[in-house]
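The structure appears right after this line, and notes come after that.
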Amino acid sequence: ILHTSHLPPPHLLSLLRIIRKAQVVEEILIPPPPLDTGSTHSTHSSQHHSNHVFFPDRTQFPKMLSDNTLKWVAFGTFLEWGAIHVAAMAMILKNTAKDDVGGALLGICEAAPEEEITRVKNTKSWSPLNVRIMIQHGLNLGFAGFASLACSAWFTFYKVPRHAFYLGLWPWFADVAYFIAVDTVQYGAVIPQAQTYIISTALISTAIRVSRQYDDVSGKEAHLTVLVPSLLIVAAILHKTYHFFVGSTKSTKKD
């Protein structure tokens, strides 16, 4: 501007207008730098809040249990569940080797009504079709049991893998099937019924460990992997409570 002081006033005014317009365009195209006083944190918080309204960040999991405690809880529960189901496979295969489907059925449904137990015991001959299906069932239980044993060792003595929760779904779904087929009609004894809580606890402990050790686990995934096995526990408790009160009512009416 100083060098253009020799220009006539109209030209000087035009030049000032051009400079002013350039400054306005620059402000529009190039935003000012962010402030250092917590602006990044507030932006991250608002984005985090919008993405995880129902699923808070995984770091908000309760820290009541240490990772080491969760590791050994998962080890013990996977180990126990696996051993029980390998033993169930051995029991079924032992009976089916003698074409004794009834012995296998009674080993699975120990708490069945007395009339059903008597009916099974009075059945002297079983179709080969019954035998083959029971063999398949026994092997399926055994394979799920071996998978659970593998999870107990792998997740404990090596670094827990990123997809450990999904690897543990195999034995968990096997127990879901048992709950639907046997527990809902109250045919299972106490120890088989307890497996529902045991394998679900193993899966919950594993899910929390994975969410703590891997940064790519989102809040949504972390909470869903805890919620899914918890639903089986809730279903088992509600079912047991329902049968307790309904059973008491029926027995009172019968008396």
Side-chain angles (χ1 to χ4, degrees), residues 54-55 61-62 64-65 69-89 91-92 104-114 116-117 134 137-138 140-152 155 164-211 220-252:
F54 299 104
F55 301 97
F61 272 142
M64 295 177 291
L65 297 175
T69 301
L70 290 170
K71 177 179 74 174
W72 289 109
V73 167
F75 170 77
T77 47
F78 272 126
L79 180 66
E80 191 275 349
W81 194 94
I84 287 289
H85 285 76
V86 170
M89 176 191 70
M91 180 273 297
I92 292 173
L105 291 175
L106 296 179
I108 297 170
C109 303
E110 298 176 78
E114 193 60 39
E116 295 301 329
I117 293 177
M134 189 56 67
H137 179 59
N140 284 337
L141 290 180
F143 294 151
F146 285 124
S148 187
L149 293 175
C151 289
S152 70
F155 302 167
F165 171 84
Y166 304 102
L167 294 172
L169 282 175
W170 182 2
W172 184 79
F173 272 118
D175 209 278
V176 171
Y178 178 88
F179 174 76
I180 294 172
V182 181
D183 281 351
T184 54
V185 289
Q186 298 290 95
Y187 284 5
V190 174
I191 292 180
Q193 288 185 16
Q195 304 311 305
T196 295
Y197 306 95
I198 290 171
I199 193 62
S200 297
T201 300
L203 214 51
I204 292 169
S205 302
T206 300
I208 297 176
R209 288 184 66 205
V210 169
S211 69
K220 185 174 184 178
E221 181 184 2
H223 286 75
L224 282 176
T225 52
V226 171
L227 175 63
V228 168
S230 300
L231 291 176
L232 182 59
I233 295 178
V234 173
I237 293 174
L238 291 177
H239 179 264
K240 206 67 180 168
T241 303
Y242 170 78
H243 271 275
F244 175 78
F245 288 106
V246 171
S248 301
T249 304
K250 286 183 177 179
S251 61
T252 302

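Position 1 is the first residue of the sequence; numbering continues from there.
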Listed partners of Leu79 passing side-chain contact (heavy atoms from CB on, under 4.5 Å), at least two apart | Phe75, Leu149, Ser152
Residue set satisfying side chain to side chain donor-acceptor pair (under 3.5 Å) with Ser200, at least two apart, ordered chain then number -> Trp172
For Ala236, side-chain contact (heavy atoms from CB on, under 4.5 Å) partners two or more places apart | Phe179, Thr196, Tyr197
CG of Leu203 to OG of Ser148, rounded to nearest 0.5 Å, is 10.0 Å
Check: Cys151 and Trp170 side chains under 4.5 Å, non-hydrogen atoms = no
Give the minimum heavy-atom separation between Met134 and Ala104, together with the two atoms involved.
-> CG-CB, 3.8 Å
Out of curiosity, Leu141 CG to Tyr178 OH, how far, rounded to the nearest 0.5 Å?
-> 10.0 Å
Compare every heavy atom of Ser205 with every heavy atom of Val73, then report the nearest pair and how far apart it is.
-> CG1-OG, 3.4 Å
Going through the checks in order, is the side chain to side chain contact (heavy atoms under 4.5 Å, CB included) test met by Val210 and Thr225?
-> CA-CA 10 Å; Val210 169; Thr225 52; over 6 Å; no
For Phe155, what residues pass the ring pair (Phe, Tyr, Trp, His ring centres under 6.0 Å) criterion, not counting sequence neighbours?
-> Phe78
Does Thr69 reach the main-chain N or O of Leu65 with its side chain, forming a donor-acceptor pair under 3.5 Å?
-> no
Closest heavy-atom pair and its distance - Gly142, Val86 | O-CG2, 4.1 Å
Does the pair Asp183 and Lys240 meet the rule for a side chain to side chain contact (heavy atoms under 4.5 Å, CB included), with working shown?
-> CA-CA 9 Å; Asp183 281 351; Lys240 206 67 180 168; over 6 Å; no
Below 4.5 Å, heavy atoms only, C-beta onward: do Ser230 and Val226 meet side chain to side chain?
-> yes
Separation of Lys71 NZ from Arg209 CZ (nearest 0.5 Å) | 6.5 Å
Minimal heavy-atom distance between Thr77 and Ala74, with the atoms involved, is OG1-O, 3.1 Å
Could I get the full list of side-chain contact (heavy atoms from CB on, under 4.5 Å) partners for Gln195, not counting sequence neighbours?
-> Glu80, Trp81, Ile84, His85, Asp175, Ile191, Ile198
How would you list, by chain and number, every residue that makes a side-chain contact (heavy atoms from CB on, under 4.5 Å) with Ala189, sequence neighbours excluded?
-> Glu110, Pro192
Taken to the nearest 0.5 Å, the spacing of Ile92 CD1 from His137 NE2 works out to 4.5 Å
Would Val182 and Gln193 satisfy side chain to side chain contact (heavy atoms under 4.5 Å, CB included), going step by step from the backbone distance to the final call?
-> CA-CA 9 Å; Val182 181; Gln193 288 185 16; over 6 Å; no
Please lay out, stage by stage, how Glu221 and Phe165 fare under the test side chain to side chain contact (heavy atoms under 4.5 Å, CB included).
-> CA-CA 11 Å; Glu221 181 184 2; Phe165 171 84; over 6 Å; no
Can you measure from CZ (Phe173) to CG (Leu232) and round to the nearest 0.5 angstrom?
-> 10.0 Å
Would you give the length of the straight line joining atom CG of Leu70 to atom CD1 of Ile204, rounded to the nearest 0.5 angstrom?
-> 10.5 Å
List the atom of Ile117, the atom of Ala112, and the distance in Å for their closest heavy-atom pair.
-> CD1-O, 3.4 Å
